[in-house]
Structures are given as C-alpha cells and as structure tokens.
Asker: 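Can you keep this structure in mind? I'll have questions shortly.
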Number of protein chains: 2
Amino acid sequence: MEKAQAGARGTNGNGERAERSAQRDPERTRASILAAATKEFAENGMGGARVDAIAERAGINKRMLYHYFGDKEQLYLAVLEEAYIGIRTAEKAINLSDLEPEQGIAELAMFTWRYFLEHPEFLSLLGTENLHRARWLRQSTRLKELHSQLMGKLSELLDRGRAKGLFREDVDPLHLYLTMAALGYFYLSNQYTLSTIFGRDLAERPNLEGWERHIVHVTLASIRR
Amino acid sequence: MEKAQAGARGTNGNGERAERSAQRDPERTRASILAAATKEFAENGMGGARVDAIAERAGINKRMLYHYFGDKEQLYLAVLEEAYIGIRTAEKAINLSDLEPEQGIAELAMFTWRYFLEHPEFLSLLGTENLHRARWLRQSTRLKELHSQLMGKLSELLDRGRAKGLFREDVDPLHLYLTMAALGYFYLSNQYTLSTIFGRDLAERPNLEGWERHIVHVTLASIRR
DNA sequence: CAAGCCAGTAACTAAACAGTTACTTTGTGG
DNA sequence: CCACAAAGTAACTGTTTAGTTACTGGCTTG
C-alpha cells in the first residue's frame, strides 16, 4: 500500500540521502520520544507519568521507547540530562564583560528569571527530582561534570564591584546565586497555590513584569554597601 | 484469646470510658490513617503514593481508609487541608505588637523559615499540589476561607516602619511575603539537587544557620530606605 | 545480491493497583 | 439483653501498568 511511496521518496537519483520520508529515521524517532517524555514527566512527575502516554504523544510504538532508552527510569534520566544541558548551554552564551558590575548582576538575575519563565518543564523536572532526593541526578556522571557557568560570572562581577567599592566585602557568590534563583523559582513553581490563596493571578503580564523588577531590586539591595 | 482482655480494659466500673484499649477507636484510626497518608503523599507525590502502602503504614485494613475518607483523592485533600491548617494555626500564635518594626519583620522571616525547616512534608505537599496546578486546593472551600494571618501582621509592621521613616514608601506586602517564603522554600525544597550540583551539603547545621541569617538580611535590605 | 542488522509493529503477560464484596466483631440505646 | 449500627477483616475483582515476545519490513555492506 505505502511501499511504493517509500521507495519513491527514499532516494532521489544522486547518491545524496535527501529529506527522507517519515519512515525509518532513528534520530527523529529518538528526539520525538525525548520531547514527548519531557512533557509527560513535567506534567505528571515520575510516579504519574505513563509510558503508554509517552509513546502515544511521540506517535511511536512503545517498543521503540525501550529500544532507544532501556526503561522508564533511564528515559527519565535522559530527559533530566537534556533539561540541564539546555540551561547550561544558555548560560554559556551570556557575555557580561563590558557591563558595569551592577548592570551585570541585574542581567544575570533577569536571565535566570526569564529562563525559568520560558522553560516551565525545567522547573517541574527539578521539583520531581527533589521529591526523589536527587536520586537520578546523583547517578548521572554526565551531569556531575556539567558545572554551572553562572557562578564564575557572578564571582567575577562581585570582584569588580567590590574593587569599585560598590558591593559589600562579605558577599558569598553561592548565596547570591541561590537568592536570584529562589525568587524566580518559587514565584513560578508555586504560582498555582499562591494565585488561589491570594486571589490574584500571578501569571498575568503586569504581575510577571513587576516580579522581574522586584527580583533585580532585591538582589542588588542585598549586596550593596 | 484477647477478648477477655478487651472486656476487662473497656470499662473500669465508674461509667467513665477510661484509656480504652487499642481496639475500636475511630478517632485514633482516622488520625493514624491521616498521619500515614501525609508521609506517603509527601514522599511519593500523588501519582507515586500507594493506597496499600498507606494502609500498611497506618497499621489498618485498607477497607477502613475508604470507610473514613472515600477514596484516594479525598484522602489526599484531607491531608492537604490538615497541612494548611497546621501552618495557619502556628501563624496565629505569633505576637509582634511590642516589637520594633525591623525586629518584627525579622521574626516573621525566621518564623517562616523555621516552619518550613520543621515541616518538610508541608513543602513537599505544596510541590505536589503545584505540579497539579492547585487542582485540589481550588476545590477546597474549607481552605479558601482560611486566610493567611501573616499578611495582616506584615502590613501592620510595614505601616509602623514607614511612619518611623525606616522603610520605603512603595513596599508591597505581598511581594515582601513572597520574598521571605521564596528564600526559605527554594533552599529547602531544592536542597537535594543543589547539594549535588554544588558539592556542598546544604542540610548541615552551619549552612542552615547561615541561610537563616541571609534570609533576614535580604528581607530587611529590600525594604529599608 | 544476499546476509545480517537495525527500525518498527502488534499483541501479549505478569504484576501492581484502586476500589469492592461479603462477612465478623464490638459497643450502645431502647 | 437484644437489636442495630458502626468498626473492622480478609479475600477478591477489573483495570491499568511497565515491560516482552515474536514477528515484519527495509537499509547497508562485503
């Protein structure tokens, strides 16, 4: 029925393997499983995620999922690793060397906030991973080698700011990073319970913009002399 | 075999129902189911929690769980409600009226931090509830009536501080509350991934104490003139 | 061009799971 | 003191679940 079609589209005369049809594309299959699994795990957690739901979302046969990833846990680990690689890659691209220290810190705070805002699935996976006390993260040699680029940039800015007499002498870069991350993470990951309890939709545009300004304000206020 | 024992202990001559034996104690059964369910849901989330595990932890027959709570979802809701009632009750007990504004804010920040620190199951339930976009919290009329006492106390302190010229004019009490809560929540709920990535155990005593001081410092720095 | 491997399918299985049935025991109010 | 309701048990059921088996189709390479 579709055999003729596959034959016709598989090759195109010159040896080049052109834009091949949907059939038989390992990389694409793998990627679509990973994307589907990311959604499913982010929406339902490890315990709530369903292997069958992932297969359906990816439009593949469940057997393929086991073929490429082994089992549910290894698939989850692959999802987690990809999510961390995503943020680490984005961090690398930041260039702050020609900014004033205060401006640089503000940029880092906004970067973290916006990354969280645009990647809710990353926040959700973090929540799931912490529920399980970092069981899979601790297993992953790949992720333990993948250090955050942010701490280095933060330290450099702090040094420059201190030299100029702008910042306090005793600022711990880790504390500073945790402060920025905490303000963004909590607001977004807990937005549903908070919105319900305070009767105010935290996801509305003006509220989001107000909170971004607040994060920058708090971060800078905490390190200034 | 044990019937005679039960008869002997059930009543003690005067009509008073003395310290009755373990048999047939509805309140105790209900309470032990609730305690077991709190642990199970906090450790595994909604999707990962097992009804059989709850029954076993509570030392009761699974049938009783359905007898008292209806089904798994209603039991989860009861657990969530009890957890919120716990923090709201603790909040009520705080008295700040004879403290200076700065001292009062510091006390509130430390209260929130210590409550989170001592009630990890509450943090975990919040995480689960937010994963599900506050699905059960929104259903609960009981919880929607139960307003946080903290916002009122916070506003009062802010007013007093402003009158004395200590605090900025434009501080939003909700932003202030979210700031304190965010700093505590993130540090504790994400301690496992953070400890793994930064290679530093955030749960160690000196680190916990340092973070408490940091929360107070940041909170106050963000509202001072 | 065939041998063999890789991608893919459909249908199955054993265990785990939430929830139920049918029953017994125990305390209490008329 | 007995009738009846509430508390409790044990064993069961239908469904969902992760993971498997046994197979087909197609691509590459010696």
Side-chain angles (χ1 to χ4, degrees), chain A residues 1-12 15-18 20-34 36-37 40-41 44-77 79, chain B residues 1-12 15-34 36-37 40-41 44-77:
Chain A
M1 208 171 168
E2 350 228 1
K3 284 176 205 168
Q5 195 187 36
R9 282 214 245 148
T11 43
N12 61 357
E16 212 183 304
R17 60 159 80 140
R20 38 141 80 111
S21 75
Q23 290 181 277
R24 292 248 148 182
D25 190 337
E27 269 169 65
R28 219 168 77 142
T29 301
R30 219 192 108 96
S32 78
I33 295 172
L34 210 53
E40 178 72 12
F41 283 121
N44 303 298
M46 179 65 182
R50 297 289 162 250
V51 168
D52 292 273
I54 295 169
E56 202 182 349
R57 288 178 107 135
I60 53 106
N61 188 284
K62 189 168 48 151
R63 179 69 184 75
M64 287 296 93
L65 191 153
Y66 289 94
H67 180 54
Y68 286 108
F69 295 96
D71 63 11
K72 189 184 177 183
E73 298 207 6
Q74 283 173 270
L75 174 56
Y76 169 78
L77 180 57
V79 163
Chain B
M1 210 173 169
E2 350 228 4
K3 282 176 202 168
Q5 196 187 35
R9 283 217 241 147
T11 43
N12 62 356
E16 212 184 306
R17 60 158 80 139
E19 183 204 330
R20 35 140 81 110
S21 75
Q23 290 183 276
R24 293 250 149 179
D25 191 337
E27 270 168 63
R28 221 168 76 144
T29 302
R30 219 193 109 96
S32 79
I33 294 171
L34 210 53
E40 178 73 10
F41 283 120
N44 304 297
M46 179 65 182
R50 296 291 162 246
V51 168
D52 292 271
I54 295 169
E56 202 182 348
R57 290 178 105 134
I60 53 107
N61 188 283
K62 188 168 49 148
R63 178 72 183 73
M64 288 295 93
L65 190 154
Y66 290 93
H67 181 54
Y68 286 108
F69 294 97
D71 64 11
K72 188 184 177 183
E73 298 207 6
Q74 285 174 268
L75 174 57
Y76 169 78
L77 181 56

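Being a predicted model, the structure only gives us computed values, none of them experimental. Only heavy atoms go into these numbers, but all of them, side chains included; no hydrogens, no water, no symmetry mates. Per chain, numbering begins at 1; letters A, B, ... match sequence-line order.
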Asker: Can you check the B/His67 NE2 to C/dT25 P distance for me, whole Å?
Answerer: 18 Å

Asker: Using a 4.0 Å heavy-atom cut-off to protein, can you give one letter per nucleotide of nucleotides 16-24 of chain C, 5' to 3': B if the base is in contact, S if only the sugar-phosphate is, - if neither?
Answerer: -SBBBBB--

Asker: Rounding to a whole Å, what distance do you find between A/Ile60:CD1 and C/dA7:P?
Answerer: 13 Å

Asker: Rounded to whole Å, how long is the line connecting atom CG of A/Asn44 with atom P of D/dT16?
Answerer: 16 Å

Asker: Do A/Asp52 and A/Lys62 come close enough that some side-chain heavy atom pair is under 4.5 Å?
Answerer: yes

Asker: Could you tell me the separation between the CD atom of B/Glu27 and the P atom of D/dA6, rounded to a whole number of Å?
Answerer: 16 Å

Asker: What residues form a side-chain contact (heavy atoms from CB on, under 4.5 Å) with A/Ala31, not counting sequence neighbours?
Answerer: none

Asker: Which whole-number value in Å describes the distance from B/Glu56 CD to D/dT9 C1'?
Answerer: 16 Å

Asker: Would you name the heavy atoms of A/Arg57 and A/Ala36 that are closest together and state the gap between them?
Answerer: CB-CB, 3.7 Å

Asker: Any side-chain heavy atom of B/Thr29 sitting closer than 4.5 Å to one from B/Ile33?
Answerer: yes

Asker: Return no unless some side-chain N or O of B/Thr29 is found under 4.0 Å from OP1 or OP2 of D/dG8.
Answerer: yes

Asker: According to a strict under-4.0 Å criterion, is A/Tyr68 in side-chain N/O contact with OP1 or OP2 of C/dC6?
Answerer: no

Asker: Rounded to the Å, how far apart are A/Glu40 CD and D/dT17 C1'?
Answerer: 13 Å

Asker: Which atoms form the tightest heavy-atom contact between A/Lys72 and A/Phe41, and what is the distance?
Answerer: O-CZ, 3.9 Å

Asker: Indicate yes or no: at least one non-hydrogen side-chain atom of B/Leu75 is less than 4.5 angstrom from one of B/Val51.
Answerer: no

